[in-house]
Structures are given as structure tokens and as C-alpha cells.
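Please read these numbers as outputs of a predicted model, since none were measured by experiment.
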Amino acid sequence: DTAGIPCDRRNLCWRAVEAFAAATDRAISVKIHLEKRIPAAAGLGGGSSDCAAVLLELRRLFAPEMPLATLVKIALSLGADVPYFLSPKPAFCRGVGEVVEQTWEATAHPDLLLVNPSFPIPAAWCYEHWRDVQRETPDTMEALLAALQANDWSRAATFVRNDLEGCARNKFPILEMLAKRMESLGVSHVLMSGSGSTMFGFCNANTAPDVCEILMHDFAGLAHCFRTPEAYRTQEGLP
């Protein structure tokens with residue numbers, strides 16, 4: 001339902017069906033209606049999560065006996081982060097993304113503000129250029145995990161980094177401008193999500209509506225704001 005999203009073999013959902021059919025050696029015909037709520041090429045895993053959802057549904061419909069390990073292999077052939085979305089819970093992902101080790105069950109979610117600047121950044125480009133910008137990469141995983149397990153989001157935020165961010169900010173100065181404006185409005189620990197172009201940070205739920213309004217005014221026609229849903233902040237209404 002979104003302009004610019006291909007509805008042929010370029011679409012990950014289509015490719016998921018073909019890969020599943022090939023792996024199970026069966027002819028499969030399905031109709032998929034896809035409503036995009038996550039912006040495309042935004043560093044938020046929208047396409048990969050759609051792909052994983054299709055794989056899970058195909059296994060339910062046509063091969064419920066299929067081991068998860070087999071489904072992971074199919075998922076990996078479609079994208080490095082697709083295996084994670086087969087069971088999207090907090091996890092360490094190693095290898096190229098196929099080794100997923102779940103770490104803890106989240107009992108709360110932080111107040112996050114996401115700002116998507118309405119242009120895509122191809123993930124392949126970021127992975128080709130992330131070494132262009134030198135930065136320290138201290139090993140903080142144990143400290144990060146301890147803070148997350150304690151639901152201490154403010155402390156956890158101090159350990160978070162994104163090695164793909166430097167090259168993206170250099171190539172697209174608007175990301176630097178957006179991050180600085182977010183910080184000036186009280187959004188803390190602003191980072192790029194994944195391979196971009198979405199920026200995110202911690203923002204008090206009471207002030208987030210005003211911040212969104214200001215950002216959409218300052219970056220009119222460019223910035224689209226998203227907030228952590230109320231149900232996730234309170235854990236009410238979650239499945």
C-alpha cells in the first residue's frame with residue numbers, strides 16, 4: 001500500500017515465498033497484502049521483519065514440522081538480520097546475524113523518540129563505508145546487558161553506539177543537523193538506528209509531543225516523528 005515498494009521479485013516477501021518453496025520442494029501459491037507502517041530503508045528492519053513474518057506463516061501453513069534451524073537457513077539466505085526477526089526479542093546477534101542468543105525478557109520499554117528524515121540510506125552502502133570514519137569501539141557489552149536487565153535505560157544508553165553512523169553523518173549532513181536539534185530540545189543519547197536514516201533518542205513522554213511538533217516545523221516536509229506506544233511504556237495491552 002506504499003508507493004515505491006516493489007510488488008515483484010524485488011520484494012523480500014515475494015523472495016521469501018520462492019526461497020521457502022525451493023527449500024521444501026513444493027509449489028506454493030499465496031496472496032500477500034502488505035501494509036507498510038515502518039518506513040522503507042530507514043534502518044528499522046521493516047523489510048526484514050515482513051520477510052520473517054512471511055516465512056513463519058509459510059511454515060505454519062505448509063511445513064509445521066520444519067525445525068527452526070532450517071527456517072533460519074532460509075532466512076539467512078534472504079538477509080543477515082532476517083533470522084533475528086523470526087523471534088524478535090532482545091538478543092546478541094553474532095556471525096553475520098544468524099547466531100541469535102536471546103538475553104532477557106524485557107519487562108519495560110523506554111520513552112523513545114524516532115525521527116525519520118524521509119530519505120533512504122541503502123544498507124549495503126553503509127557496510128561498504130563504515131570504516132571510512134575511525135572511532136573507538138570499547139567493549140561495553142557486559143555493562144550494557146547488566147543495565148538492560150535492570151531496566152536502567154538511562155545507564156544503558158551510555159553504552160550504546162552505532163559503528164555505521166559516522167559515515168552516514170558525513171555523507172548526509174542533515175543527519176548531524178537533526179541530531180543536534182533533537183539534543184537541543186532535550187532528547188538524550190541521540191543515535192542513528194541501524195544503517196539509517198532514522199535517528200532516535202530518549203525523550204520524556206510528557207514532552208515528546210511538543211518536541212515532535214517543533215521538529216516537524218523546523219524540518220517541514222522532511223521529518224516524520226514516531227514515539228514509543230503507550231502500551232509498551234506501561235506494558236498494558238501487550239500480547
Side-chain angles (χ1 to χ4, degrees), residues 2-5 36-49 79-81 84 93 97 109-141 143-144 147-148 152-229 232:
T2 303
I5 302 297
K36 295 294 292 182
R37 298 184 180 181
I38 299 174
L44 298 173
S48 296
S49 56
D81 56 347
Y84 165 78
C93 297
H109 293 261
D111 293 331
L112 293 178
L113 178 71
L114 283 70
V115 185
N116 179 259
S118 302
F119 63 87
I121 298 180
W125 181 89
C126 267
Y127 279 97
E128 288 173 3
H129 295 279
W130 71 275
R131 288 187 177 88
D132 294 352
V133 178
Q134 297 296 322
R135 60 181 296 173
E136 294 183 8
T137 54
D139 184 7
T140 58
M141 295 304 293
L144 172 61
L148 290 172
D152 188 345
W153 300 109
S154 59
R155 178 169 171 75
T158 65
F159 299 118
V160 176
R161 71 174 194 268
N162 183 353
D163 289 339
L164 299 179
E165 184 174 0
C167 64
R169 283 203 189 194
N170 281 354
K171 184 173 178 63
F172 304 100
I174 188 66
L175 297 180
E176 185 76 19
M177 295 169 58
L178 184 58
K180 288 183 176 180
R181 185 62 175 130
M182 291 170 69
E183 290 168 350
S184 75
L185 294 170
V187 183
S188 64
H189 305 291
V190 176
L191 284 174
M192 186 177 78
S193 176
S195 56
S197 57
T198 302
M199 306 297 292
F200 75 95
F202 291 75
C203 188
N204 186 288
N206 295 325
T207 61
D210 294 332
V211 173
C212 284
E213 184 176 349
I214 294 172
L215 288 170
M216 288 189 291
H217 175 269
D218 291 353
F219 297 86
L222 187 66
H224 297 276
C225 294
F226 306 88
R227 297 168 51 207
T228 303
Y232 282 86

* Structure fact -> Here the pair of heavy atoms bringing Lys171 nearest to Pro173 is O-CD, 3.3 Å
* Quick one: does Leu175's side chain get under 4.5 Å of Glu165's, heavy atoms only? -> no
Just list the side-chain donor-acceptor pairs under 3.5 Å for residues 112-121, sequence neighbours left out, or say none.
from: Asn116; atom 1: OD1; to: Ser118; atom 2: N; distance (Å): 3.1
from: Asn116; atom 1: ND2; to: Thr198; atom 2: OG1; distance (Å): 2.9
from: Ser118; atom 1: OG; to: Leu222; atom 2: O; distance (Å): 2.5
from: Ser118; atom 1: OG; to: His224; atom 2: NE2; distance (Å): 3.1

* Work out which heavy atom in Leu44 is nearest to a heavy atom in Ser193; give both atom names and the distance. => CD2-OG, 3.4 Å
* Structure fact -> In this structure, CE of Met182 is separated from SG of Cys225 (nearest 0.5 Å) by 7.5 Å
* **For Val211 against Cys203, the heavy-atom pair lying closest together** => CG2-SG, 4.1 Å
* Asked: Are side-chain heavy atoms of Arg169 and Met199 found at a separation under 4.5 Å?
  -> yes
List, one per line, each side-chain donor-acceptor pair under 3.5 Å for residues 123-132, sequence neighbours excluded.
from: Trp125; atom 1: NE1; to: His129; atom 2: NE2; distance (Å): 3.2
from: His129; atom 1: ND1; to: Asp132; atom 2: OD2; distance (Å): 3.0

* Drop me the distance from Glu213's CD to Asp218's CG, to the nearest 0.5 angstrom. => 10.5 Å
* Asked: So how far is it from Ser188 OG to Trp153 CH2, rounded to the nearest 0.5 Å?
  -> 13.5 Å
* To do: Could you pull out the closest heavy-atom pair between Ala223 and Met216, with the gap in Å?
  => O-CG, 3.6 Å
* Answer yes or no: is there a side-chain heavy-atom contact under 4.5 Å between Ser154 and Asp152? => yes
* Structure fact -> Nearest heavy-atom approach of Lys36 to Gly47 is NZ-N, 3.8 Å
* Asked: Say you draw a straight line from CG of Asn204 to CG of Asp210; how long is it, rounded to the nearest 0.5 Å?
  -> 10.5 Å
* Structure fact -> Smallest heavy-atom separation, Ser49 atom then Ile38 atom, equals OG-CD1, 4.4 Å
* Asked: Between atom CE of Met141 and atom CZ of Phe159, what is the distance when rounded to the nearest 0.5 Å?
  -> 11.5 Å
* Check: Phe202 main-chain N/O paired with Asp111 side-chain donor or acceptor under 3.5 Å -> no
* Might you confirm whether atom CD of Glu176 has over 12 heavy atoms from other residues, nucleotides or ligands at distances under 6.0 Å? => yes
* Just checking, is any N or O donor in the side chain of Thr158 or Arg155 under 3.5 Å from an acceptor N or O on the other one? -> no
